[in-house]
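Let me begin by handing over the structure; questions about it come next.
Throughout, numbering of the chain's residues begins at 1 and tracks the sequence.
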Amino acid sequence: MNTPGRTESGGEGAPSDRAGASSPLNVPNALSVLRLLGVPLFLWLLLVQHSDAWALVVLMVSGFTDWLDGKLARLLNQQTRLGELLDPAADRLYMIAIPIAFGVREILPWWVIGLVIGREVVLAGTVPLLRSRGLTALPTLYLGKAATMALMYALPMLLAGTFDNRLGAVMHPLGWAFLIWGLGMYWWTLVLYWCQTVLVVKRLPPQAR
């Protein structure tokens with residue numbers, strides 16, 4: 001999950017000089033749109049149809065396309081401004097929608113969901129401070145990418161952990177292990193981002209409006 005102007009998912013990443021050089025109508029952007037469309041499909045399968053196996057398939061496809069769109073964008077030199085907006089938007093939507101859906105289905109306790117969403121609320125407080133100094137983003141922390149990846153692995157594992165079979169028995173503890181690991185890194189990067197923001201505020205004068 002990312003704040004405005006910051007990506008942590010391993011997608012297209014920070015804005016580059018090549019952004020905008022390619023047409024926005026390309027395969028990486030199509031994959032990002034596909035991921036966005038997967039959100040309502042996932043919610044419908046999990047909360048309305050209670051089709052957990054198909055909901056798990058949607059999560060797995062989403063995780064694969066999240067990796068693939070960034071790879072293709074760099075490989076084909078198709079990095080665009082639209083892609084830089086779509087990729088983190090899809091990540092954020094999944095990282096909010098999935099935990100809430102898990103809370104409704106009682107797959108996760110609400111205090112855990114509060115930790116995931118609350119981190120983004122606290123991190124959003126850096127945005128106006130950075131903008132007051134003429135910045136829209138801080139350098140991406142690779143620890144933040146690792147945290148997001150761990151959580152994206154944890155969520156499908158936890159869903160699979162609800163299955164009443166051998167797969168469920170294996171995935172349940174693995175899902176919690178990845179979740180705890182990911183949450184620890186997630187909140188540690190919050191501290192690091194706030195430290196960076198404080199340094200920026202101290203070093204740079206406010207920008208005239």
Side-chain angles (χ1 to χ4, degrees), residues 1-26 28-29 31-33 35-36 39 66-67 69-71 73-74 77-100 110-152 155 179-209:
M1 183 164 41
N2 309 297
T3 56
R6 178 184 297 128
T7 59
E8 293 179 353
S9 68
E12 291 197 26
S16 72
D17 293 336
R18 294 177 300 174
S22 176
S23 169
L25 300 177
N26 55 43
N29 289 350
L31 290 175
S32 293
V33 171
R35 289 178 60 220
L36 285 169
V39 174
D66 183 30
W67 169 82
D69 67 356
K71 281 288 185 181
R74 290 185 291 270
N77 192 22
Q78 292 182 341
Q79 293 172 296
T80 65
R81 180 57 180 164
L82 178 61
E84 290 164 2
L85 295 174
L86 285 175
D87 191 65
D91 290 339
R92 182 182 301 162
L93 193 55
Y94 270 97
M95 292 303 295
I96 293 175
I98 297 172
I100 291 176
W110 284 103
W111 66 266
V112 172
I113 298 163
L115 287 176
V116 175
I117 298 177
R119 184 259 196 187
E120 288 305 306
V121 174
V122 176
L123 190 58
T126 64
V127 174
L129 294 175
L130 292 173
R131 288 179 176 171
S132 71
R133 265 57 183 180
L135 301 175
T136 58
L138 290 170
T140 299
L141 297 176
Y142 283 97
L143 185 62
K145 291 185 178 182
T148 302
M149 183 177 296
L151 292 175
M152 286 187 170
L155 294 173
L179 180 68
I180 294 170
W181 178 42
L183 279 176
M185 292 189 293
Y186 219 43
W187 276 84
W188 179 238
T189 56
L190 171 67
V191 174
L192 296 179
Y193 280 132
W194 264 104
C195 289
Q196 288 182 341
T197 301
V198 171
L199 290 175
V200 167
V201 170
K202 287 183 177 180
R203 292 176 179 177
L204 297 179
Q207 296 290 310
R209 293 181 179 273

| Minimal non-hydrogen separation, G144 against T189, with atom names | N-CG2, 3.5 Å

| field | Approximate separation, where rounding is to 0.5 Å, of I98 CD1 and L93 CG | value | 9.0 Å

| Closest heavy-atom contact between I100 and I113? | N-CG2, 4.3 Å

| query | Distance-only, no hydrogens or angles: does the Y193 side chain make a donor-acceptor pair with backbone N or O of L141 under 3.5 Å? | reply | yes

| message | Closer than 3.5 angstrom, by distance alone: can the side chain of W194 be matched with the main-chain N or O of G125 as a donor-acceptor pair? | response | no

| message | Counting only heavy atoms from other residues, nucleotides and ligands, does the tally under 6.0 Å from CH2 of W188 exceed 12? | response | no

| To the nearest 0.5 Å, how far apart are CE in M185 and CG in L183? | 9.5 Å

| field | Minimal non-hydrogen separation, Y186 against M95, with atom names | value | OH-CE, 4.5 Å

| task | Apply the side-chain contact (heavy atoms from CB on, under 4.5 Å) test between T197 and each candidate in L192, L123, T126; give the one that qualifies. | result | T126

| message | Once side-chain contact (heavy atoms from CB on, under 4.5 Å) is applied, do any residues pair with L204, and if so which ones, sequence neighbours excluded? | response | R133, L135, V200

| Closest non-hydrogen atom pair between P99 and Y94, with its separation | CD-O, 3.6 Å

| request: Work out which heavy atom in G182 is nearest to a heavy atom in A147; give both atom names and the distance. | output: O-CB, 3.8 Å

| query | Which value, rounded to the nearest 0.5 Å, describes the distance between I180 atom CD1 and L151 atom CG? | reply | 11.5 Å

| query | Distance from L115 atom CG to L190 atom CG, nearest 0.5 Å? | reply | 11.0 Å

